[in-house]
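What follows is one structure encoded as structure tokens, with my remarks underneath.
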Protein chains: 2
Amino acid sequence: MNNEEREREAGGRERELRGVEARPRNWLVPVILLSLREWNSYGYELMERASAFGFEAMNPGTLYRTLRQMEKDGIVESSWETSRGGPARRMYTITDTGRAYLDFWAKSLEQYQHTMDNFFRLYTGRPLQDKNDEESSE
Amino acid sequence: MNNEEREREAGGRERELRGVEARPRNWLVPVILLSLREWNSYGYELMERASAFGFEAMNPGTLYRTLRQMEKDGIVESSWETSRGGPARRMYTITDTGRAYLDFWAKSLEQYQHTMDNFFRLYTGRPLQDKNDEESSE
DNA sequence: ATAACCTATGTGCATTTTACATATATATAT
DNA sequence: ATATATATATGTAAAATGCACATAGGTTAT
């Protein structure tokens, strides 16, 4: 094996840079839970509310699929509402498990905010104590 | 209690609840860039540094593959270091594109922090935007 | 009436991201 | 020689995401 030759494998650079959007994983789930904790709602309405949390150009499929999965997970419940004009709506309610889940999420989010604070502290140039600097910049 | 019974009760959820960890997508990329901006480094060392940012039980494969992808994207460069004892290290350096990318990430992250602030404002019970409310008890 | 449109929910599929297991190679200690 | 620590990498599957498309009830204009 020749290690130095493998260095050439790194060609083909300058692709399009991938998504630089800072958005947490499963961010949609806590946003839906938070909305449902305020009042019961349905997909089409929740979609509009979610746009306030970074889902401005949300695809309906994503939301509806997420809602069905959340019901399977037991954090929301649903029932059809047909008592009014227009297409039937699947009305969602948050469960006790869902409230606990939301609380857990909030704690995790709080923790993560501290991690991001660390990131910014390093980014803006105020180092938290660490090992020796190779450039020895005084 | 009977866990199985409770799961049936919850509407037939077959799966565990999905990750409740608050962590943005591609979080590893800016963390690596930030580390490399301080000093050049290599995978094995970067893995240890990344643990301070929520990657405590990181799988090596994830990191190394991310690094190679980052090089393809042109935000880092690498070369083998064989001048010392032990296995060869692929030393990474941040590029100018990488610095710009990091700056862009930081801006996005800042924006995201505001979104999370909104989330917490709703979560803790205080209203989001002003819709002529004056019960803001501070 | 019917066509066009808005509301409302949903599936299919490909891509991207992530997780986990496994493989390879070099040096050092025993 | 074998075990261990260091160091990098691939193979595969699961999960998350994005985009396109499908279905259907009701309202409005023609």
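Chain letters run A, B, ... following the sequence lines, proteins first and then strands; every chain starts at 1. Atom set for the values below is all heavy atoms of this structure, side chains included, hydrogens, waters and symmetry mates excluded.
- Under the side chain to side chain contact (heavy atoms under 4.5 Å, CB included) criterion, B/R89 pairs with B/Y42, B/E81, B/R84, sequence neighbours left out.
- A/S35 OG to B/L122 CG: the interatomic distance, rounded to the nearest 0.5 Å, is 7.5 Å.
- Qualifying side chain to side chain donor-acceptor pair (under 3.5 Å) partners for A/S41, counting only residues two or more places apart in sequence or in other chains: A/E45.
- Distance CD (B/Q69) to P (D/dT8): 18 Å, rounded to an integer number of Å.
- Applying the side chain to side chain donor-acceptor pair (under 3.5 Å) criterion to A/Y64, with sequence neighbours excluded, gives no partner residue.
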query = Dot-bracket, DNA chain C: Watson-Crick or G-U, under 3.5 angstrom, [ ] crossing, | other strand?
reply = ||||||||||||||||||||||||||||||

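- For B/D117, the side chain to side chain contact (heavy atoms under 4.5 Å, CB included) partners at least two apart in sequence or on another chain are A/Q113, B/H114, B/R121.
- Every residue two or more places apart in sequence or in another chain was checked for a side chain to side chain donor-acceptor pair (under 3.5 Å) with A/T95, and none qualifies.
- Counting to the nearest Å, the C1' atom of C/dT16 and the NZ atom of B/K72 are 14 Å from each other.
- The separation between B/L28 atom CG and D/dA16 atom P is 18 Å, rounded to whole Å.
- Following rounding to the nearest Å, A/M70 (CE) and D/dA16 (P) show an atom-to-atom distance of 13 Å.
- For A/R99, there are no salt bridge (charged side-chain N to carboxylate O under 4.0 Å, His left out) partners two or more places apart in sequence or in a different chain.
- Here A/A106 pairs with B/F120, B/Y123 under the side chain to side chain contact (heavy atoms under 4.5 Å, CB included) rule; sequence neighbours left out.
- Computed from coordinates, the B/L67 CG to D/dT8 P distance equals 9 Å when rounded to whole Å.
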Distances under 3.5 Å between protein N/O atoms and the N/O atoms of nucleotides 7-14 of chain C, please, pair by pair.
{"from": "C/dA8", "atom 1": "OP1", "to": "A/R84", "atom 2": "NH2", "distance (Å)": "3.4"}
{"from": "C/dA8", "atom 1": "OP1", "to": "A/R89", "atom 2": "NE", "distance (Å)": "2.7"}
{"from": "C/dA8", "atom 1": "OP1", "to": "A/R89", "atom 2": "NH2", "distance (Å)": "2.5"}
{"from": "C/dT9", "atom 1": "OP1", "to": "A/R90", "atom 2": "N", "distance (Å)": "2.8"}
{"from": "C/dT9", "atom 1": "OP2", "to": "A/G43", "atom 2": "N", "distance (Å)": "3.3"}
{"from": "C/dT9", "atom 1": "OP2", "to": "A/Y44", "atom 2": "N", "distance (Å)": "2.7"}
{"from": "C/dT9", "atom 1": "OP2", "to": "A/Y64", "atom 2": "OH", "distance (Å)": "2.9"}
{"from": "C/dG10", "atom 1": "OP1", "to": "A/R68", "atom 2": "NH1", "distance (Å)": "2.7"}
{"from": "C/dG10", "atom 1": "OP1", "to": "A/R90", "atom 2": "NE", "distance (Å)": "2.8"}
{"from": "C/dG10", "atom 1": "OP1", "to": "A/R90", "atom 2": "NH2", "distance (Å)": "2.8"}
{"from": "C/dG12", "atom 1": "N7", "to": "A/R65", "atom 2": "NH2", "distance (Å)": "3.1"}
{"from": "C/dG12", "atom 1": "O6", "to": "A/R65", "atom 2": "NH2", "distance (Å)": "2.7"}

